[in-house]
Every structure is written in C-alpha cells, then in structure tokens.
Trainee: 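Below: one structure in structure tokens.
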Protein chains: 2
Amino acid sequence: MPRPDRTEERRDELLPVVAEAFARLGYRRATTATLAARCGVRENVLYRLWPDKKAMFLASIRHVYDRAERIWEERAALGPEGSTASRLLEYESRHLGEFGLYRILFTGLSETEDPEIRAHLRDTYRKFQRWIKRRIEAHDRLRGGRPGPEAELIAWAMVGLGTVANVGREIDLFPARVRARLIADAGRLLLEGGAP
Amino acid sequence: MPRPDRTEERRDELLPVVAEAFARLGYRRATTATLAARCGVRENVLYRLWPDKKAMFLASIRHVYDRAERIWEERAALGPEGSTASRLLEYESRHLGEFGLYRILFTGLSETEDPEIRAHLRDTYRKFQRWIKRRIEAHDRLRGGRPGPEAELIAWAMVGLGTVANVGREIDLFPARVRARLIADAGRLLLEGGAP
DNA sequence: GAGTTATGTAAGTATATACTTACATTATAC
DNA sequence: GTATAATGTAAGTATATACTTACATAACTC
C-alpha cells in the first residue's frame, strides 16, 4: 500500500506563506520561483497542490479574508453587540490591516481583466462590506436610528476609509497618529451620522 | 544644418496615449510592446523619449494628475467659492474617475517597493488630498465652522470615498445609482459633519 | 521486507519582456 | 543640392517567468 495522501495538510501549511508573499509583493512580482523559495520547496511542489499560479492567488485571497474575519469575530465577541462597531473601529485604528487583506485585494485590482480574479475580488469585497454593514445595523438597533445615509452606504464608506488608511501606511502618506485619528474620528462620524 | 528637435512635442503627443495604457492595464501588464503599439510607433521611439519604462510611468502619473486637477479647477471656477466642495461632490458622483487618476495610482501601489515610484505616488496622493482640503476649508469659512474632525482628516476620508467608489465601478461592486449616492450622501455627511 | 505511491530534487522548455543596435529615410539650414 | 542630425524600421539580446519532465528517495500497508 502506498503512503497516505497529505496533499490537503500540505496546502494548509503552505497557503499562509503563499498568501503572505502575494500580499507583500503583489500578483505579478510574486513569481512562482519566489513563492516556492519562501515555502522552502521547489516550484513543482506548489504545482502539485494547485493547478496554476492563479489558483494559488485565489486561494490566498480566500485565506486572508477568512483569517481577518475570524479575528474580527473574536474581537466582536469581547463586548456587547451594540458597541461592536465602535470597538472594531478602535481596534482597527491600532492594528490596521495587519492581516494583509487590503494589500492582497489591492494587488488583485491590477488583474481585473481576468474574469475569475475579478469575480473573486467582487465576492470578497462584498462579503467584507456585508460584514461591516451588519455591525452598523446592530449598532443602530441599540443606539436608536442613525441620521444620514443608510448602513449600506456607510459600510462602503468604511471600506474606503480602511483602504485609504492602508494606502497611507503603505507609502507613508501621514504619521501613525493621523492614521489612527482618521479611522477613529472619521469612522465615528460615519457611524454616528453626526449625532453627539 | 540638421532638422529641428521635436522631442518635446513628441512626448506631449504620446504621453496621453501611454498614460491611458498604464491606467487601463496597470504597470506590469502595460508592456513596452503594447505601449508602442498603442502609440503607433516602435519601441525604440519611446526609448528615445524616456530613458526607461519607469520614467514613462512616472510621467504618466504626473500627466493624469495634472489633467484631473485642471478639470476640477474649471468646475470649481463655475460657481461661488464656498459651494465648490459640494458642487465637486455632485460632479464626481456623475463623472467618477473619468481621468483615470484612481486607476493609475492603484496600479502603482503594486510597485511600492521601488523607491522612486513610491515617492511619486506619495507626492501625488498628498497633492490630491491638499487640493480637497483647501476646498473643504473654503467651504467651512463660508458656512461657519464644521463640527467633527478637522479638514485634514475629512480630506483623506474623501480620498477613500473616491477610491472605494472607483474600485466599485471597476469590478461592479454595486450599481451606478448606489455609487452616485455613495459619493453624494456619504460625501455630504463628511463635508457637513452631520449638521443639517 | 516488498510493493506502491507520495514527495523531493534538478534540470529543462517555450515564451514574454525590457531594452539595444544597425541601418535606411527624412526634413531642415545653408 | 548637400551636409547633418532627427526620425522611422526591423531585427536582435539577455533575462525572467510560468510551467513541465525525469528521476531518485521516502514512507506507508500488508
């Protein structure tokens, strides 16, 4: 009898490394050679786990999103539901984008001509926004109706806020202090709709 | 005597085409071959106008930003100073990112390991934010103090709003109607600080 | 231990891509 | 018209990159 197939486990081991490389380098610059090197294996090992580079990238996006969401869920569970939204804002203002979610979504945006990548990005952005939206709605239910645009739009604006904050960190647009206030203050304005 | 040097004029003729290609395809996918083809010339003609591909890209960023700013200035000049900010919001909600500014900045973000590109992106984002900030301040002066975060932060949040709106258009995250409301409603909330 | 298949190693291939070179052609000043 | 340098054409080069193939080795079941 042959030795057992550990393909599944091997994928789970290597995917975080691959995802990190994609997030750091971007889709194009993360060559299969560098991916393999970072994993400490040869290229063909990766090709036994995924059919091609694109599949590695799509799996990476999924992985990074799932991990980020898991962390948020954990943070959310730490306090009462109604304050989840503001606590996450506070949390994000400190640990901004440390899961590489923004980064990997960004690099994907240069590949939007590929329909599969495009569809995958769309799904992920939508999941992201829906997650935020649900927290805003919970916040509204407990705090009373929020004046101003509905949660749908505010959630998208929050995605934008996180995005610019991450770009800012990426290329040193502003000091960390400004970044934290950006998330916290502008975020609160969006969340509370200008109410005191 | 030799024929006169038209290098300068040639650059001005080809730069819009090159910039468009970079904005559409991204830095990596815009190969020198495609750039030349779109310009209707051979590659070496481009290399006589710019030392390398990176220089073409940097010039393109400059070009796209300058053109976008010129358009905004024209729109701004159409009405009283204090309402410039809201009029531009309204304008942007309609003609969103038609100058490719967001697009070309985005593609550049995958190349931030190159110090020159990084510095150039930083400069451009800052110019962009400062321009918006000045309009917000003018708006504040005429409408009376705005409650909430200072113009500095709001201007960055606006950049984020524009960014997410453009990403949304790029990969069909939401229908055009939602996009317009996103810019208009969330934009107004940021601008007015929740005041009626 | 033998048979079987997963796993690792090393090298190879076809293509794409940034950039160059050699040379013919053209437009201008005199 | 002619000298001169700019401009256009065509091909070439060195390298990088996604993906493959051939083969040795290791681990598991019986």
Side-chain angles (χ1 to χ4, degrees), chain A residues 1-15 17-19 21-61 104 107-108 110-111 113-117 120, chain B residues 1-15 17-19 21-61 104 107-108 110-111 113-117 120:
Chain A
M1 284 286 127
R3 57 196 283 192
D5 193 336
R6 285 206 348 122
T7 304
E8 205 67 27
E9 294 89 322
R10 205 79 179 96
R11 257 198 285 265
D12 292 346
E13 281 168 34
L14 297 188
L15 188 51
V17 184
V18 169
F22 275 126
R24 280 227 182 292
L25 303 172
Y27 183 71
R28 297 274 156 168
R29 284 179 49 234
T31 65
T32 53
T34 47
L35 291 176
R38 284 178 176 235
C39 289
V41 299
R42 304 275 163 173
E43 293 182 58
N44 66 333
V45 173
L46 296 183
Y47 281 95
R48 283 206 273 252
L49 300 175
W50 293 280
D52 52 23
K53 183 179 167 180
K54 192 163 79 177
M56 303 175 203
F57 185 57
L58 298 182
S60 294
I61 294 178
I104 204 166
T107 82
S110 293
E111 308 300 323
E113 229 149 85
D114 181 295
E116 262 185 283
I117 294 183
H120 211 85
Chain B
M1 284 288 127
R3 56 197 282 189
D5 192 336
R6 285 206 348 121
T7 303
E8 204 68 28
E9 294 88 321
R10 205 81 177 94
R11 256 198 286 264
D12 293 345
E13 281 169 34
L14 297 188
L15 188 51
V17 184
V18 169
F22 275 125
R24 280 229 183 290
L25 304 173
Y27 183 70
R28 297 273 156 170
R29 284 179 50 234
T31 66
T32 53
T34 47
L35 290 176
R38 284 179 178 235
C39 288
V41 299
R42 304 275 164 172
E43 292 183 57
N44 66 333
V45 172
L46 295 183
Y47 280 96
R48 283 206 273 253
L49 299 175
W50 294 281
D52 51 25
K53 184 180 167 180
K54 192 162 80 177
M56 303 176 203
F57 185 58
L58 299 182
S60 294
I61 294 179
I104 204 166
T107 82
S110 293
E111 307 300 323
E113 229 149 84
D114 181 294
E116 262 185 284
I117 294 183
H120 211 85

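Naming: A, B, ... by sequence-line order, numbering from 1 per chain. Just so it is clear, the values below take in all heavy atoms, side chains as well, and ignore hydrogens, waters and symmetry mates.
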Trainee: Of the listed nucleotides (C:dG8, D:dT9, C:dA18), which one gets closest to any side-chain atom of A:V45?
Mentor: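 Of the candidates, C:dG8 comes closest.
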Trainee: Report the distance from atom CD of B:E13 to atom P of D:dT7, rounded to the nearest whole Å.
Mentor: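 So the CD-P distance, B:E13 to D:dT7, works out to 10 Å.
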Trainee: Give the nucleotide from the list C:dC19, D:dA18, C:dG8 with an atom nearest to the side chain of B:D52.
Mentor: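 Out of C:dC19, D:dA18, C:dG8, the nucleotide with an atom closest to B:D52's side chain is C:dC19.
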Trainee: Would you please confirm or rule out a distance under 4.0 Å between OP1 or OP2 of C:dA16 and any side-chain N or O of B:T34?
Mentor: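 No, B:T34 has no side-chain N/O under 4.0 Å of OP1/OP2 on C:dA16.
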Trainee: Which heavy atom of B:I104 sits nearest a heavy atom of B:A19, and at what distance?
Mentor: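 Answer, listing the atom of B:I104 first, then B:A19: CD1-O, 4.0 Å.
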Trainee: So, is the end of the A:K53 side chain (NZ or CZ) under 6.0 Å from the ring centre of A:Y27 and within 45° of the ring's axis?
Mentor: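 Yes; both conditions hold, so A:K53 lies above the ring face of A:Y27.
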Trainee: Atom CD of B:E9 and atom CZ of B:R6: how far apart are they, to the nearest 0.5 Å?
Mentor: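 So the gap between those two atoms works out to 5.5 Å.
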Trainee: Can you tell which of C:dC19, C:dT9, D:dA18 lies closest to the side chain of A:T32?
Mentor: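 So the side chain of A:T32 is nearest to D:dA18.
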Trainee: Can you check the B:E9 CD to D:dA6 C1' distance for me, whole Å?
Mentor: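 After rounding, the gap between these two atoms is 12 Å.
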Trainee: Whole Å only: how far is the CZ atom of A:R29 from the P atom of D:dT15?
Mentor: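 Spelled out: CZ on A:R29 to P on D:dT15 is 21 Å.
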Trainee: Thinking salt bridges, do A:R24 and B:E113 make one under a 4.0 Å N-O criterion?
Mentor: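 Between B:E113 and A:R24 there is no salt bridge, as every charged N stays at least 4.0 Å from the carboxylate O atoms.
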Trainee: Check the distance between D:dT17's P and A:R28's CZ and give it to me in whole angstrom.
Mentor: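 That distance rounds to 12 Å.
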Trainee: C:dT7 P sits how many Å from A:L14 CG, rounded?
Mentor: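 In whole Å, C:dT7 P and A:L14 CG are 11 Å from each other.
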Trainee: What is the distance, to the nearest angstrom, from the CG atom on A:L49 to the P atom on D:dC19?
Mentor: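 After rounding, the gap between these two atoms is 14 Å.
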Trainee: Using only atom types and a distance under 3.5 Å, with no angle test, would you say the side chain of B:D52 pairs donor to acceptor with the backbone of B:A55?
Mentor: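 At least one qualifying donor-acceptor pair exists.
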Trainee: With respect to the side chain of B:R10, which nucleotide from C:dT9, D:dA10, D:dG8 is positioned closest?
Mentor: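 Of the candidates, D:dG8 comes closest.
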Trainee: Could you state the atom-to-atom distance from CZ of A:R42 to P of C:dG12 in whole Å?
Mentor: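 From A:R42 CZ to C:dG12 P: 13 Å.
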Trainee: Under 3.5 Å, which N/O atoms of the protein pair with N/O atoms of nucleotides 20-24 of chain C?
Mentor:
from	atom 1	to	atom 2	distance (Å)
C:dT21	O4	B:N44	ND2	3.4

Trainee: Considering only NZ, NE, NH1 and NH2 on the basic side and carboxylate oxygens on the acidic side, decide whether A:E111 and A:K54 come within less than 4.0 Å.
Mentor: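 Salt bridge absent between A:E111 and A:K54.
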Trainee: Give the rounded distance in Å between these two atoms: CZ of B:R6 and P of D:dG8.
Mentor: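 The distance from CZ of B:R6 to P of D:dG8 comes to 9 Å, rounded to the nearest Å.
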Trainee: Looking at B:A30, is its backbone amide N or carbonyl O close enough to the side chain of B:T34 to form a donor-acceptor pair, meaning the two atoms are under 3.5 Å apart?
Mentor: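 No; zero donor-acceptor contacts below 3.5 Å.
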